[in-house]
2 protein chains.
Amino acid sequence: MAEDPSYKTRKVITIGVVSELTGLSERQIRYYEERKLVFPERSAKGNRKYSFADVELLIDIANKREEGVQTFEIRQDMLRAEKRKEKKKKRELLRGEINARFGIQKER
Amino acid sequence: MAEDPSYKTRKVITIGVVSELTGLSERQIRYYEERKLVFPERSAKGNRKYSFADVELLIDIANKREEGVQTFEIRQDMLRAEKRKEKKKKRELLRGEINARFGIQKER
DNA sequence: CGTGTAAGGAATTCTGACACG
DNA sequence: CGTGTAAGGAATTCTGACACG
């Protein structure tokens, strides 16, 4: 039961299917990996495998590219978003510690 | 947004990956299809594509096969389970209609 | 019945490169 | 920069069949 996160993040989809799902060419998909926008896993013999989350991310990327946003900028945005998430996690962790010491107040 | 049910039922996984995920040989997976236990979709050029739900079903099948259950019996069980489900759906539909006419009583 | 395997062919995927711009 | 394409090879998948049991 405690195997992998979920159907959404498990990397099982080959590049051909991702191409169909996103409308992007395989060339584009590989290039976005080169630019560090997506991180597929690899099968034993080196074939790329993507998750549904990756597919959605690629669709977002495709939309931004259509708007003329460069891969570099997309990457910057992604990194910034991740930092925000980390900070949020830290805040929540801190709050958890405080609650653990001073007791949990439910509903203020 | 109203595209496909969910990550669980969308058929996007190739037989090789299904084989890794289930521990079954491709031969076995194809055979269970022949016996009408699984129903993959096909890509444009004929390659089988499975869903996570299919993968789970195949794992169930593998377990039953280990117990010595024959594919024919597994199929019978699946068909029976499906009939039960349909009846349940009908009952719920009927209840919905009754509620629509006579008003909805929440909680008994 | 359920599964392995060799067979031959077609389609997939991979990498590195040249092209254009 | 972002993407297309031809190149060559390796791995994948497909079907129908023979084998064993």
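Not measured: the values here are computed from a predicted model. To find a chain, count down the sequence lines: A is the first, B the second, and so on, and within it residues start at 1.
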>> Nearest heavy atom decides the nucleotide; on that basis, is V17(A) or Y32(B) closer to the 5' end of DNA chain C?
In response: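 Final value for this comparison: Y32(B).
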> Which residue lies toward the 5' end of DNA chain C, R65(B) or N47(B), if each is placed at its nearest nucleotide?
Replying inline: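 So the residue in question is R65(B).
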Counting side-chain heavy atoms from C-beta on, which of [options] comes nearest to [X]?
| X | options | value |
| --- | --- | --- |
| R48(A) | dT3(D), dC14(C), dG2(C) | dC14(C) |
| R27(A) | dA17(C), dG2(D), dC14(D) | dA17(C) |
| E26(A) | dT13(C), dT3(D), dG4(C) | dT13(C) |
| R30(A) | dT3(C), dT15(C), dA17(C) | dT15(C) |
| R42(A) | dT15(C), dT3(C), dC18(C) | dT15(C) |

In whole Å, I'd like the distance from the [atom1] atom of [X] to the [atom2] atom of [N].
| X | N | atom1 | atom2 | result |
| --- | --- | --- | --- | --- |
| I15(B) | dT15(D) | CD1 | C1' | 12 Å |
| Y50(A) | dC14(C) | OH | C1' | 11 Å |
| E67(A) | dG2(D) | CD | P | 15 Å |
| E34(A) | dA17(C) | CD | P | 12 Å |
| L58(A) | dT3(D) | CG | C1' | 15 Å |
| I29(B) | dG4(C) | CD1 | P | 10 Å |
| I61(B) | dT3(C) | CD1 | P | 11 Å |
| E20(B) | dT12(D) | CD | P | 9 Å |

> Which residue, V69(A) or S43(A), contacts DNA chain D at a nucleotide closer to its 5' end, judged by nearest heavy atom?
Replying inline: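 In this pair, the answer is V69(A).
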> Starting at the 5' end of DNA chain D, what dot-bracket string do you get if Watson-Crick and G-U pairs under 3.5 Å are bracketed, crossing pairs use [ ], other-strand pairs use | and unpaired bases use dots?
Replying inline: .||||.||.|.|.||.||||.
Presence of [X] side-chain N/O under 4.0 Å of [N] phosphate oxygens OP1/OP2:
| X | N | answer |
| --- | --- | --- |
| Y31(B) | dT3(C) | no |
| K45(B) | dC14(D) | no |
| T14(B) | dT13(D) | yes |

Are [Y] and [X] co-members of a hydrophobic cluster defined by side-chain heavy atoms under 4.5 Å apart?
| X | Y | value |
| --- | --- | --- |
| F39(A) | V17(A) | no |
| I13(A) | I59(A) | yes |
| V69(B) | I29(B) | yes |

Any [X] side-chain heavy atom under 4.5 Å of [Y] side chain:
| X | Y | answer |
| --- | --- | --- |
| K49(A) | P40(A) | no |
| D54(B) | V18(B) | no |
| R35(B) | I74(B) | no |

> How would you label the contact of T71(B) with the nucleic acid (heavy atoms, under 4.0 Å): base, sugar-phosphate, or nothing?
Replying inline: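 The answer is sugar-phosphate, as T71(B) gets under 4.0 Å only of primed atoms, P, OP1 or OP2.
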>> Please determine whether side-chain contact (heavy atoms from CB on, under 4.5 Å) holds for the pair T71(A) and Y31(A), giving the CA-CA distance in whole Å, both sets of side-chain angles, and the decisive distance to 0.1 Å.
In response: CA-CA 10 Å; T71(A) 57; Y31(A) 180 67; 4.2 Å; yes
> Between K8(A) and E56(A), is a side-chain contact (heavy atoms from CB on, under 4.5 Å) present by the stated rule, with each step listed?
Replying inline: CA-CA 10 Å; K8(A) 184 169 183 180; E56(A) 289 176 8; 3.6 Å; yes
